[in-house]
Every structure is written in structure tokens, then in C-alpha cells.
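One structure is given here, and the rest of the page talks about it.
Every chain is numbered from 1, with letters handed out A, B, ... down the list of sequences. Side-chain atoms are counted along with the backbone in the values below, which use heavy atoms only and exclude waters and symmetry mates.
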Amino acid sequence: MIKFILNNTEVSTDQHPGTAVLDFIRYRQNLTGTKIGCREGDCGACTVLVGELTNGDIRYRSMTSCLMPLANANGKHIVTVEGINGDGLNPVQQAMYDESATQCGFCTPGFVMSMVGFSLQHEITNAPKEAVDSVDGNICRCTGYKSIQRAATRVGELVSTRKSDPVAFAIEQKFVPEYFASIPSRLKALSDNLSAVKNIEVADYRVGGGTDLYVQKHEAMSHAKLDFFFDNPAMKGIRIEGNRCILGASTTVTDLVESKEFRKLFPDFEIYYKLVSSTPIRNMATIAGNIVNASPIGDFTAFFLALNASVLLTDDKSSREIELRKFYLGYKKLDKRPEEYIKTISFEIPSKHTRFNFEKVSKRTNLDIASVNTAIRLDITEGIISNAGVSAGGIGPIPTYLFKASEYLNGKKVSLELLPELISIVQSEIAPISDARGTEEYKRLLLSQLLKAHFLVLFPELDEAKILTI
Amino acid sequence: MKNIDSFTHLRGESVYLDDIPVLRGTLYGVAFDSPIAHGEITKLDVSEAESFPGVIRVFTAKDVPGENQIGGIVPDEPLFADHHVHFCGMPIAFVVAETEEAARMAIKKIKLEIKGLPVITDPREAQAKGELIVPPRKFVIGNSDEAFSKCTYVFEGKADSNGQEHLYIETQGAYTYPMENGGIRIHSSTQGPTAVQRACAKVLGVPMHQLEVDVTRLGGGFGGKEDQANTWAALCAMASHLLTRPVKYSLHRMEDMRMTGKRHPYSSDYKIGLSRDLKILAYEATFYQNAGAAADLSPAVLERTLFHCTNSYFIPNVTATAYSCRTHLPPNTAFRGFGGPQGMFVIECAIARAAEELGVPAIEIQKKNLIQSGNEFPYGQIAVSEASECWNRAEEVYSLKEIIAQIDLFNSKE
Ligand SMILES: Cc1cc2nc3c(=O)[nH]c(=O)nc-3n(C[C@H](O)[C@H](O)[C@H](O)COP(=O)(O)OP(=O)(O)OC[C@H]3O[C@@H](n4cnc5c(N)ncnc54)[C@H](O)[C@@H]3O)c2cc1C
Ligand code: FES
Ligand code: FES
């Protein structure tokens, strides 16, 4: 039995745990304010808020209900547009009304939910801008976005006046109805008689956030035998042990974003993560999911390859650790037995001698997968590269660790002169194909340029003009 | 501009097609469509699909009670592929079942054999083979041939503009149910209720007054739900008519993108002639419109291309020819601008080309040739024009000079 609070009502259901939350709320609960635009996580029309109690603290995050299994709602507060409606219009709705930000209206509830989700967000530094960023997972075809941008900016301005607890503020400003105040204690009560969604001995699929599976195997998910990892406490958490950082397999991109320890290791992480999918997808997407999906253009695969990360595989009887760079055997072929799954991902933490950079080029800046991406990690002592790792995606059938390029850099003195040779070595070890994201030639050129970008970012002391003319 | 339904839109209370509460006994339909762009159907066996649990009926061309025809302007678009398929995504059968899921699973049980035939996707190839939707259209003013001989500069070139998916966020769909006295109510996510009514009446072989088309509000279709909404309405209405049951079909995004037409791609040739002081004296353009497999609204879109072929400029000698070319793409259709952008794009390419060759900024040519009140368009209309005032205002409001200076400065850096 899956139990959760849907808006202001406790519900329990014995529906198949793989049923998309979207289908449950629309067709079982008759809450039709949540719309269907794509069923692929791309349009945001189905956005709902998911409230979760951790250590007595409630956090709300936006998620695309089309990709979310019912099992991942267990024990949580699911909020649809019906659940935030008050008497008239709330401040988000009013701002959108005033700015004419709704036309055909089909995308509108999704935008409203993303912005209400923003109003409940904990960390806020530049609210007007962040409010606009919060709709990065919503598509509107009518308005041209300017009116929505103005509305979001107004919402952000209001939220920037917040001094109290996010939920208290949201209630006070009527972003959400009063009943939100009762949710933490109700979730607590619910958690006392909650049963974990049954783990199945032999599962057809293991589900993390579902953001790949529900796109690729949409029809199978509501019938298949599934095992759910997203809320498995043993697979959560980010911790530092000695000189290694260890991520639970179900760590989401947002968990990384919100982890102070992790952010300290990668000061520029904000630049990188903004290039990955969208707010609601980042709230769902797990790192293990990204690694096992093995897309040649995955972003965290490239990120962790350059860090020479390892994954800990287990079949619950025995475990083994394998370097990520040896994990990929061919297109979507992994050095992993079917019974094995990832428990943790770990990597050596960057030292003060380490420089790291990640670059991604895609057709659109937001909500797009890479044409080519690449990451680089260099340990440098007294001007000499003591340990190098270079990775790239979109240039072959697997997320690629560039063995030869990394080897070439080892022991070299940092200088401009490394670049031409580095580029030519990289060109010899990649095999991009022409597809919708670009021709082979274009991808080769992109990677060369991105290697230069790495140098520009990592070595501001080098002559910029010269790098650009190489 | 505020939408009149903003309040309910913002609260998620507006009712779209898939939000209509379903009636008891509602059945769900899903179209089975052609996997290839052109071919002859040699075998179609729906028996296994029909015996799939939950399936009520599988309809094909032979079940159509009226005419198997939904073409609006030209009757050249079968609802169901009969012996031939003309585009990838063309409906061949319509599976109706007790649940949407059963219908989707049953589709996989349909056995189809098709003998592939040559596929045309290039409008120029279609034109060369005489595959035209309607006879060519030509707009002429003055005498361009003669005028070219007097021009100081003449440039020729080719301009291609590609298609575009509407991506209305609500996909296409219809929900139909029988009423008293043999009537049918049709809820359709359409921009053209009358087109839906007319197409369905033809397919069902009933008078239009028997069919009631209900659409709460229009908008958000961008042209993609004019004639392209007819198919789904006709499929559901036909099933409702024959089964006397409510029938619903709300398309998945993938089906919608696969089966529906888009903005027309165009391939065009231009020839532009200018005087020494950059007045455009003569212009010749030939437009090859990629209409797809059926007329849909293509002839009207084609005319609009001609109407806009000189954009906001006055050109005294123009010959503009347009071909609506039949290819094996889904029937292309209306899309914001309705052919206008495809016409304007070509004259702008011609001007850009001339500017580049002559080493002058394109805006110099554009500004010099803006149409003035009293000038004549190539189709004979006398202009009442505010083009120059508009241009001058825009220069001022957007500080054009400064913007250009900034661009030049930026570009002067390595
Ligand atoms: C709209 C959209 C945009 C996207 N944009 C990007 C992008 O910009 N960059 C990018 O890299 N990706 C992107 N993705 C892809 C996806 O979000 C990521 O790959 C994500 O990290 C997958 O994680 P998940 O938990 O959702 O995976 P799931 O779908 O739950 O699982 C994916 C695969 O991993 C397996 N799996 C999950 N956890 C484990 C485990 N612990 N052990 C073994 N196997 C496991 C599953 O069985 C499945 O095979 C996008 C997806 C969508 C829908
Ligand atoms: S329906 Fe488009 S993101 Fe879920
Ligand atoms: S208002 Fe129509 S898609 Fe946004």
C-alpha cells in the first residue's frame, strides 16, 4: 500500500507502484489541473510539488509527474495546482494575471507550480533571478516568455522580502493555503505506519528518479516488476571519508547542489549544474541513474570520469569496486552483472593543487542534452601536472575517458605549447558520428575548442589571445 | 493582452479536451499509421488486433459509411489509407477498445505488408515530375525581363527555409458521443469547428446539422489545429456513429509529431536588380512549396507567400511564380504567418545577398526601398503605407546608430 498526502487529503492506493503520478492524479483522483504535454519531462505542463520531511524539516521540490513513479510519492506531500488554490489568485497567479502571462493556458498550471515551488525553496540569494530560473523546465508556445519573465521577477521580489521560515512565509503571503502548516505533523504521523514499497527479488527494472526509464520504457513501467532506489535510505547521503567523497547511489543532482561539502570541492558547480536538464529533472535525476543509463552524452558520466571516480557494485551478497573509466565496455554495455547494482560512487577529493573544469555545448542552453561535453581534472605541483584526467561525451559510443590525452598530460609543465599536441592526441582517440546533434566534423571541432576553453578557465595566467589562435 | 479565461487558466480549472469528464461506456481509440512514406498496401490483417482482450472494433477504409475523404480545399486526402500510403504517419486503421492501454497494445498486433514505392521529399523534384497540388500561380507587375536589362546590379540565388513543428502544448484530440435522433456531439481540440463539422459529415455520410462541434475556446494551436484537427474528430465520430458509444482519442506527443503536418518548407530562386543608387527595379522569384501528401491549406498558404513576396518594399517590376508541390511528407498546413514568412524570407535573402556583394549594409537597401502610399503591390493593391514612419521611429526608439556602433566595435576585436 502506498500512502501519501495529496493536497489536503491522505490517500492510500494499491495501484501498481510504477504508475506515473501524473496518471494517478488525473485519472484516479480526477485532478485535471495538472496537464499532459509530452510525457517526457520536457514541457513541464505536469509539474507538481513534492514535499518531504527530513529530520523534521519539510522541503518542497518541483517534479515532472509524468516521469515519477507512484512509489516515489510514498510518505510524501504531493501538491497539484488544486492544492495551492485559495479563494482568488495567489501572488504567483496574480503576477501572471497582471502581466498577461497566460494565453491558451495549457502550460500555465505548470508554470504556477514551478514558481510556487520557488517560493517554498530554502536557500535564496538572488530571488528575482532565481524565480525566473525556477521555470527552466517549463515550455510555453504562446507568450514568448517575456510576460512570464516579468511575472516571475515580481514573484522573486516578493520572496526576497522573506525573513521567516519558507512555509510560514508562503502561508502568510497566501502562496499556499493554511493547511500547509499541518503537513509536517501529518507526514510524521503517516511515516509511523508506512511500509516501504516492497522490494521485488528479481526486478525487471531498478528505478531511481525515473527520468530515463519513464522516457525510454514508458509503456512497460506500469506493469513491470520494479525495485525502487530513490528513497532507499541506504543509498542516500554525501559524506567525506579521509580523502574520498562518497555519494549514495540515489544522490540527486539537487542533493549535490545543496550539499555544502560537495560545493566546497567544486566552487564553480553552479555554472556546471545550470547546464544540466532543468530544475524539476535535477530534483529527480540520480547520479547512479546517469551512470547506468550510460548515455554517451551524459553529463555526470563525463564529470565523474575526469575525477577518476569508482562505483561500488553489489548483488547484496558480495560487493566489488570498479573504476568508472573501466565500467563502459560498449554502447550501453557495462561491466555489471544483471543482479548487481550501484551502492555508492566515490572519488578522491580535489586537493588545493587540483584544478577542475566542465564544459558542455548543446543546441539550447537550458534543458538540452550535450552535442559534446568534456571535463578535466589536473593536479599541479610547482607548475608540473602530476595527475591528469580528461573525459568527453558525444564523441563515441560510450562516456569516454581519454586515456591517451590524460597520459600525455601527466608529468608535463603547464604551458600553451601543450595544447596543439593535446588536441591532436584527443582527435586520434575519438570517433564521433554525425547525427541530429551535429556532424562528425563539427563535434571534432567542438571538442578541440572545449579543450581550449578548459585551458582558458584553468590557466588565466596563460595568454588568452594565443590560446584562441591555436 | 489578457486572455479572457486567465482566472480559470491560472487555477488549472479551464477544461481542455482530456479534462472533460468521461461518460459511462466511453471507448478509447488509437490510430495505426503507416511506417513508411510511400507504398502500396499488399496485406492488412487486423483480426488478431480485433480479438485482443478489450478491443471492440478495428476500423479501416472499408468501414467508412460516407466518403473516405477529409480534404478541405481539395478533396485529395483520404481519412484512411486505402490501397496506398502517401506519408509516414498516415492513418491506416483505428483501434477502438475499452481502455486506451488495450488499444495501444492491440495496435502492435496489426499485420501490415507494404511494397515500398519511390519517395519524394524535395519540392523541386515533385515540380519537375509534375506533382502539383493546384496549377501554379503567378503575380506580375511591370516587366521584370526588360527592367533587368536596365539594372546596374543583378544578383541571383537560392533560398531554402525549413519546416517547423507547431508543438501546441495540448496535443490534438477528439471526444465524440451519440446524441438523440442519430446526432453526434464532437468535442475537438480544433481551431476550425466548421472544418471539423464538414469533414465529419462527409465521412459519416450525414448532413452537417446532425453533428454538433463543441470547443470551449480557440487558441494555442498556431495554425496546426485548423484542417489538421479533422482526422481525429472524424475517426472518433465515425466510431461513435457505428458503435453508438462515446469514443475518445487524445494523441500522445509522439503520435502527434509523427502524424501531423507542419510549417511548409520552401525552396526558392530569386533574381534581384538594382539601380546605381540602390533602388530595387526588378525582382523575380520562384517558390517551390513543399505541400506534403495532400492539399490541406497549402493553396491558400501559397497565395499568401505571393502576397508577401516583396515584403514592405516597392518594386515596380516583379514576376513571382509559386508551385505547390506534392511530396510524401505529412500534409503541411497553416502556421503563424500562413506562408507570409516564407515569401518575405526570400526577398530578404536577395537584399542581403546584394548588400554583401556591394559591400553596403543591408539596412541601407531596405530603407531606401520601403513602400510609400500610392505605390502598387505586385497583385495590384495600392498601398497606404506607414513603413517609413515606422522605420524612422524604430531607429530612434531602439537607438539603432548606437547598436550598430557597438556591434562594429565588438567585431573589430579579434
Ligand atoms: C527532460 C530531460 C532532460 C535531461 N537532461 C539531461 C542532461 O542535460 N544531462 C544528462 O546527463 N542527462 C539528462 N537527462 C537524463 C536523466 O535525467 C539522467 O540520466 C538522470 O541522471 C537519470 O537518473 P534517474 O535516477 O532518473 O534514472 P532512472 O530513469 O531511474 O534510471 C536510469 C537507469 O539507471 C538504472 N539505475 C538507477 N539507479 C541505479 C543503481 N543504483 N544501480 C544500478 N542501476 C541503477 C536504472 O535501472 C535505469 O537503467 C534528462 C532527462 C530528461 C527527462
Ligand atoms: S508532460 Fe511534459 S514534462 Fe510531463
Ligand atoms: S499559454 Fe499557451 S503554451 Fe503557454
Side-chain angles (χ1 to χ4, degrees), chain A residues 23 26-27 30-40 42-46 66 80-90 92-113 138-143 147 151 215 218-219 222-223 464-465 468-469, chain B residues 1-22 26 28 30 99-105 107-108 164-173 189 191 215-225 248 250-257 335-336 413-414:
Chain A
D23 290 321
R26 276 185 67 80
Y27 303 119
N30 212 19
L31 296 171
T32 54
T34 305
K35 304 299 179 199
I36 308 174
C38 67
R39 287 186 181 273
E40 292 208 345
D42 268 308
C43 75
C46 69
C66 63
T80 68
V81 67
E82 291 85 353
I84 59 108
N85 279 337
D87 284 341
L89 299 178
N90 81 1
V92 170
Q93 293 164 328
Q94 189 64 51
M96 288 186 73
Y97 184 93
D98 294 342
E99 299 294 347
S100 308
T102 178
Q103 291 300 325
C104 81
F106 203 77
C107 70
T108 305
F111 277 93
V112 169
M113 294 315 286
N138 296 87
I139 291 180
C140 175
R141 292 289 282 169
C142 295
T143 59
S147 53
V215 175
H218 172 72
E219 282 184 14
S222 55
H223 304 283
E464 179 183 324
L468 290 175
T469 49
Chain B
M1 176 107 84
K2 284 185 191 27
N3 186 293
I4 194 168
D5 295 325
S6 294
F7 186 83
T8 51
H9 284 357
L10 284 154
R11 291 172 56 90
E13 291 165 351
S14 300
V15 178
Y16 298 85
L17 187 101
D18 194 43
D19 305 334
I20 299 169
V22 289
T26 292
Y28 296 83
V30 177
T99 64
E100 186 184 330
E101 210 170 13
R104 289 194 183 283
M105 307 235 263
I107 270 198
K108 300 192 179 117
Q164 187 184 11
E165 164 63 40
H166 301 83
L167 215 110
Y168 25 70
I169 305 289
E170 181 193 22
T171 54
Q172 308 260 9
S189 172
Q191 294 176 267
V215 50
T216 313
R217 63 185 75 78
L218 311 182
F222 320 123
K225 293 178 178 175
K248 177 170 165 177
S250 175
L251 274 70
H252 272 200
R253 175 64 61 188
M254 286 303 186
E255 294 170 329
D256 191 309
M257 289 178 67
F335 197 152
R336 282 184 173 179
K413 292 188 198 155
E414 280 275 319

Please report the interatomic distance [atom1]([X]) to [atom2]([Y]), rounded to the nearest 0.5 Å.
X         : Y         : atom1 : atom2 : answer
Ser147(A) : Lys2(B)   : OG    : NZ    : 10.0 Å
Leu89(A)  : Ser6(B)   : CG    : OG    : 9.0 Å
Asp19(B)  : Lys35(A)  : CG    : NZ    : 3.5 Å
Cys38(A)  : His252(B) : SG    : NE2   : 11.0 Å
Arg253(B) : Cys66(A)  : CZ    : SG    : 11.5 Å

Tell me every residue that passes side-chain contact (heavy atoms from CB on, under 4.5 Å) with His223(A), counting only those two or more places apart in sequence or in another chain.
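Testing His223(A) for side-chain contact (heavy atoms from CB on, under 4.5 Å), a comparison that skips the adjacent residues, returns Glu101(B).
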Which residues pass the side-chain contact (heavy atoms from CB on, under 4.5 Å) test with Thr216(B), not counting sequence neighbours?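 Residues passing side-chain contact (heavy atoms from CB on, under 4.5 Å) with Thr216(B): none at all.
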Please check if the side chain of [X] supplies one atom and the backbone of [Y] the other of a donor-acceptor pair under 3.5 Å.
X         : Y         : result
Arg11(B)  : Ile84(A)  : no
Arg104(B) : Glu219(A) : no
Arg141(A) : His166(B) : yes

* Asked: Around Glu464(A), counting heavy atoms of other residues, nucleotides and ligands shown, do more than 12 lie under 6.0 Å from its CD?
  ->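 No.
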Top contributor to chain B contacts, counting heavy-atom pairs under 4.5 Å, from [options]:
options                         : value
Ser100(A), Cys43(A), Gly33(A)   : Ser100(A)
Asn85(A), Val81(A), Thr32(A)    : Asn85(A)
Glu82(A), Glu40(A), Gln103(A)   : Gln103(A)
Cys107(A), Cys140(A), Cys104(A) : Cys104(A)
Arg39(A), Gln93(A), Gln94(A)    : Gln93(A)

Non-hydrogen atoms of chain A under 4.5 Å away: do they reach the side chain of [X], the backbone, both or neither?
X         : value
Phe7(B)   : both
Glu13(B)  : side chain
Met257(B) : neither

Does the pair Arg26(A)/Asp18(B) count as a salt bridge with the N-to-O cut at 4.0 Å?
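So Arg26(A) pairs with Asp18(B) through a salt bridge.
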*So, for Ile169(B) and Ala45(A), which heavy atoms are closest and what is the spacing to 0.1 Å?*
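Heavy atoms only, the tightest pair is CG2-CB, 4.3 Å.
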Can you tell which part of [X] gets under 4.5 Å to a heavy atom of chain B, answering side chain, backbone, both or neither?
X         : value
Thr34(A)  : neither
Leu31(A)  : neither
Phe111(A) : neither

Is the shortest heavy-atom distance from the side chain of Phe222(B) to the side chain of Cys142(A) under 4.5 Å?
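Sidechains of Cys142(A) and Phe222(B): in contact.
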